[in-house]
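Below is one structure, written out as C-alpha cells, with a few remarks after it.
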Protein chains: 2
Amino acid sequence: MTAPLHEARPAGPGGALPDTQQGMRRRNLARVLHAVRAEGPLSRAAVASRIGLTRAAVSTLVDELIRSGLLEELGPERPGRVGRPGSALAVSGRGPAGLGAEVGVDHLAVCAVDLRGTTRARAIRQGANRGRSPRPVLAELTELIRQVVTEAEAEGLYPAGLAVAVPGLVARDARTVVRAPNLGWHDTDLGPLLPSGTPLTVDNEANFGALAELWLGDGTPRDFLHVSAEIGIGAAVVVDGGLLRGTRGFAGELGHVPVRPDGPECACGGRGCLEQYAGEEAVLRAAGLEPDEDRVGLLAGRAAEGDEDVRRALRDAGTALGVALTGAVNLLDPETVVLGGELSGLAPWLLPSLRDELTRRTAGSACPVSVSRLGPEGPLLGAAHSVVRAVLDDPAAFARRA
Amino acid sequence: MTAPLHEARPAGPGGALPDTQQGMRRRNLARVLHAVRAEGPLSRAAVASRIGLTRAAVSTLVDELIRSGLLEELGPERPGRVGRPGSALAVSGRGPAGLGAEVGVDHLAVCAVDLRGTTRARAIRQGANRGRSPRPVLAELTELIRQVVTEAEAEGLYPAGLAVAVPGLVARDARTVVRAPNLGWHDTDLGPLLPSGTPLTVDNEANFGALAELWLGDGTPRDFLHVSAEIGIGAAVVVDGGLLRGTRGFAGELGHVPVRPDGPECACGGRGCLEQYAGEEAVLRAAGLEPDEDRVGLLAGRAAEGDEDVRRALRDAGTALGVALTGAVNLLDPETVVLGGELSGLAPWLLPSLRDELTRRTAGSACPVSVSRLGPEGPLLGAAHSVVRAVLDDPAAFARRA
DNA sequence: CTAATTTGTAAATCGGCATGACGAAATAGC
DNA sequence: GCTATTTCGTCATGCCGATTTACAAATTAG
C-alpha cells in the first residue's frame, strides 16, 4: 500500500489486475463509504438506492465498515416521512486519519484530518529553510509529526498515511525530490529521513494545492487548471477528477511556457519564458524592490498601499500570465482556471489584466478565472486529504480493529 | 450503447454504476478478449495465466465468447514443449466489425475493420466537398457505407457501430458538428443524416488520428501529443491511453496558442496565434504560392523539387510549431510528440527547425518528436478501430449469434 | 386502531470464480 | 516401447457475494 496514493484512474479492460469477487467487495465497500461521506448521514436504505445495490447487500457492507471502525451508527433518524425511520450512518470520527505535512520555504506545518474531513490536530513552526540541508529540516518536521500524531491518537485516531508537500519537483516514485530550488535540495529520497510505519507520499505542493481545490473548493469542477506560484510558476492540470502528472511527473511547468519567443534568455535554455515576466524575482525587479524574505507579502502590502510601480508590475505579470494561460486553455479546454497558493493573495492586482488578456485571446470560448478560497492553506490540506481519499477509495486496505 | 465510444476512463469509486457480479463477468469477458487479441493465438491456460484467473474460469468465459462468435478455436497448437498442447484461440474474423468513415475536404472514405484489426472492406470517392451542404455529402457517404456494409456482410461480418471523422470541432454529444470551416458546416447534428441501426460516433479527425496512432502506431506510448493540421492545427492529447477532450470537447486547439503575443491579429480575437505562422494559408502565402486544391501536396512537391521559398516557409513554420509545442510539452510532459495526418508529408522540412526550437527551449527534458507511420490514413483507421475497441471493451454488449 | 409504507435483517437462491481431481495428449527418461 | 512427468481442458464441489423473498419493527395516514 505504499503505491502512489490517488493516482488518476483505475486500469482499463486491458489492465493486469484480475477481477475477482474480493475486488468487487472492496470496491463496494468504497462505494458505501463514499456515499455516506459525500451525502451526510444516510440510512442503509438510502445508501442502497444511491449506489444501486440492494438493502441486504448494503447491510452486510455497512456491518463490515462498522466493525472496522470506519462507519458509525448515529441512532434512529427523526422520522419526517411515512414508514419506519432508518438508522443514520456517518463516517467515523475516530478511525484512520490522514497526516499532511508541508515543507515551506519559511515554515513547516503538519496536520491530521479524519475521515469526515475535519482537521483534528495541527502544528506549525516558522523559520527559514532556504539553503538548509534536508536532514535537519526533516528532523524538525518529524518532531512536529510526532506531536500531531500523539495529539490525534489522544482523540482515538490512528495515522493511515503521511503525505508531504514540498516546493519542488518530485519524481514519479513519490519519494524523491528531484530539485527544489528554493530549498536548495536535489535528488533526495525523503523516505529514510521521515517516520516510517505509515505509507509515505511526497508531491509538489502545487499538486496538493490543486487536489485541495478539487476536494474542498466550493463548486470546483472535475476539470480545471490550478495555477500557483511557489517555485517559479506551477500549474496543476486536473482532468476528470485526477491529476495529470506527465511521463516524468513534470507536467504543469507553466513557468517555462514561452511568452515572447525572442525575449531575454532563461536558465532553462529558452527565451522569454513566463517566469521572466510573472516570476517572483521578475516582478520584484520590475517593481523596483529588493528580494526580501516574505516576498509575496511585501508585494501585496505595497500594492494595497497604492504603490503604482508595484501595481504596474503586477498588471504586467497578469498580462503575461494571460498569454501563457491562453495557450493552456486552448490546449486543454478546462472548465475553469483557479489561482491558488500564495498567488491568491496577489489576485486583486493580477486578475484584471489576466482576465482581459485571456478573454480577448479566446473570444469564442472564454474560460472563467477564479481565486481559490483556500489560499496558502491548500497544499497542507490537500496532502492530508490525499491520504483520506486513499482510505475512502479502498477501506479494506486500511481497516483496523477487526 | 450509443454512449460516446471509448471515453478515456471508467468511473472511480464515487461512480454511480453498481458493482455487481454481472459487471464482473462482463469485465472478465473483456479481459479474455483483450488478451487473445493482443498476444496472438493463445490457449485457455495461457490466457488464464495472463489475466490472473483460473483455467476453469477462463474456460467458461471462452465458451461464452465462442458461442457469441467473438472468439474462434483454431485447433490444437503445435506442441513444442512438454505436456498436452493447448487449443489455440483467436479473435474471430467473422464477428462484429467496426465501420469507420471520413468526411474529408476533397474525398469521402469508408472502411470496415474486423476484431482482428484487419481492414476487410473499403470504399473511397474523390470529389471536393468544400462548401457543399451536409445533406448531399452525407447521402453520398451513406451510399458508400451501404457498399462497405454489403461487402462486409458477404464475409460474415456485421456492423457493430459507425464512427465518422470530420474536419472540424464536434460537441461532446459525439453527433453534432459545431463548426467545420473547411466544409462550411456549423451546428449540424449528423445523426438524422446517417444510417441508423448501429450506434453512431462523430469526432474530430485529429482525435481519431491520435487514437489510430495509439492503437496501431509502432511503439507509441500511452501518453503523447499528436499534432495534425487539417483545419488549422489540431493537437490531440492522449493521457494514459485515453483522449483528453476538454469540457466542451475543444481540447487540443494548438492553432490558437499565442506564439508572438504582439503578432498580427487573428480571426479568433487573439494576436500572433500559431496558425498565422504554421497554418496552411500562412505557409502558402509565405512561400509565395496561391491557394490550390491539394494544398499540402503542392507544398510537399515544391519542397521536394528544392524550391527555396517553400523550404524557408516550412522551416519557419517548424520554428513556430516548436515554440507552441514547447508550451504544450512544459504543460503536459508527454512521452513523445507525434506529427500525423497530412502534416506527416511535410515532416522532412518541418522537423529540423521544429526539433531545434523545441530541444533548445526544453534543455533539461527534451521530448522526442516523431512522424506517424499512418499518415493520412490515420483518421479513417482510428474511427473504425474506435468501434472495434468498444466491442473489445464490453463484448457482452455487442454479442450476437446466441 | 387499522392500513399503508418504509426500514433492517434473516433465509434461501443464484451467479461466478476458486479448488481439487481427472482424463487427455504431449515430452522425457529408461 | 513403456512409463513417468508435465501440461491442458473440464468436471464436481465449495465458497463468496449479491439478489430475492419474507418478515418483524417502526412510523404516518386515515
Side-chain angles (χ1 to χ4, degrees), chain A residues 17-33 35-36 41-68 71-90 394-396, chain B residues 17-33 35-36 39 41-68 71-90 395-396:
Chain A
L17 305 131
D19 206 340
T20 168
Q21 308 189 89
Q22 286 93 298
M24 180 170 83
R25 182 81 177 167
R26 286 171 69 159
R27 285 190 299 271
N28 279 334
L29 285 169
R31 297 164 61 81
V32 169
L33 201 54
V36 173
L42 242 49
S43 69
R44 289 167 175 77
V47 171
S49 75
R50 293 273 194 294
I51 67 176
L53 295 177
T54 56
R55 297 201 309 271
V58 170
S59 257
T60 71
L61 290 164
V62 165
D63 281 355
E64 189 168 337
L65 288 171
I66 289 179
R67 275 199 311 277
S68 316
L71 234 48
E72 223 162 54
E73 198 129 25
L74 295 183
E77 284 174 330
R78 261 187 333 106
R81 294 172 309 284
V82 61
R84 166 180 169 180
S87 174
L89 299 167
D394 189 6
Chain B
L17 304 131
D19 207 339
T20 167
Q21 308 188 90
Q22 286 94 298
M24 183 170 79
R25 181 80 179 169
R26 286 170 69 161
R27 286 189 299 271
N28 279 334
L29 284 169
R31 296 164 60 80
V32 170
L33 202 52
V36 173
E39 311 196 40
L42 241 49
S43 70
R44 290 168 175 76
V47 171
S49 75
R50 294 275 193 296
I51 67 177
L53 295 177
T54 57
R55 296 200 312 264
V58 169
S59 258
T60 72
L61 290 164
V62 165
D63 280 355
E64 190 169 336
L65 288 170
I66 289 180
R67 274 199 311 279
S68 314
L71 233 50
E72 222 163 54
E73 198 131 23
L74 296 183
E77 284 174 331
R78 258 191 332 107
R81 296 170 308 283
V82 60
R84 168 180 168 180
S87 173
L89 298 167

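For the numbers below, each heavy atom of this structure counts, side chains included, while hydrogens, waters and symmetry mates do not. In what follows, chains are A, B, ... by sequence order, proteins preceding strands, each numbered from 1.
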Margin query: Does dT10(D) have OP1 or OP2 under 4.0 Å away from a side-chain N or O of S59(B)?
Written below: yes
Next item on the list: For P85(A) and for M24(A), locate the closest nucleotide of DNA chain D by heavy-atom distance; then report the residue assigned to the nucleotide nearer the 5' terminus.
Entry: M24(A)
Check: Given atom CG of L53(A) and atom C1' of dG17(D), what is their separation to the nearest angstrom?
Finding: 10 Å
Next item on the list: Would you state whether a donor and an acceptor, one from the side chain of Q21(A) and one from the base of dG15(C), lie under 3.5 Å apart?
Entry: yes
Item checked: 5' precedence on DNA chain D between A45(B) and P76(A) (nearest-nucleotide basis) -> A45(B)
Check: Between dC17(C), dG8(C), dT19(D), which nucleotide has the shortest distance from any of its atoms to the side chain of S87(A)?
Finding: dG8(C)
Item checked: Nearest-nucleotide pick for V82(A), side chain only, options being dA18(D), dA10(C), dT6(C) -> dT6(C)
Next item on the list: Please name the residue in the list L33(B), L74(B), I66(B) that meets the side chain to side chain contact (heavy atoms under 4.5 Å, CB included) test with L89(B).
Entry: I66(B)
Check: Has R55(B) got a side-chain N or O lying under 4.0 Å from the OP1 or OP2 atom of dA18(C)?
Finding: no
Notebook entry, point to check: How close or far is atom C1' of dG16(C) from atom CZ of R26(B), stated in whole angstroms?
Noted result: 15 Å
Checklist line | Salt-bridge present (E64(B), R26(B); N to O < 4.0 Å) | finding: no
Next item on the list: Check the distance between dG17(D)'s P and R27(A)'s CZ and give it to me in whole angstrom.
Entry: 12 Å
Checklist line | Nearest-Å distance for atom pair CG/P, residues D19(B) and dA18(D) | finding: 8 Å
Item checked: Value in whole Å for how far the P atom of dT27(C) lies from CD of E77(B) -> 13 Å
Check: Within the structure shown, what part of the strands sits under 4.0 Å from T54(B) by heavy-atom distance: base, sugar-phosphate, or nothing?
Finding: base
Check: For R25(A) and dA18(D), is the shortest distance between a side-chain N/O and OP1 or OP2 below 4.0 Å?
Finding: yes
Notebook entry, point to check: How close or far is atom C1' of dA18(C) from atom CG of L61(B), stated in whole angstroms?
Noted result: 13 Å
Notebook entry, point to check: Is there a donor-acceptor pair closer than 3.5 Å between any side-chain N or O of R31(A) and the backbone N or O of I51(A)?
Noted result: yes
Check: Is a side-chain donor-acceptor pair under 3.5 Å present for T60(B) with R25(B)?
Finding: yes
Check: Starting at CG of L89(A) and ending at C1' of dT7(C), how long is that distance when rounded to a whole Å?
Finding: 12 Å
Check: Minimum heavy-atom separation for A88(A) to P41(A), with atom names?
Finding: CB-CB, 4.2 Å
Next item on the list: Would you mind telling me which residue lines up with the more 5' stretch of DNA chain C, Q22(B) or G83(B), judged by nearest nucleotide?
Entry: Q22(B)
Notebook entry, point to check: Rounded to the Å, how far apart are R31(B) CZ and dG16(C) C1'?
Noted result: 15 Å
Notebook entry, point to check: Within less than 4.0 Å of OP1 or OP2 of dT5(C), is there a side-chain N or O belonging to R84(A)?
Noted result: no
Item checked: dG17(D) phosphate, OP1 or OP2, under 4.0 Å from N28(A) side-chain N/O -> no
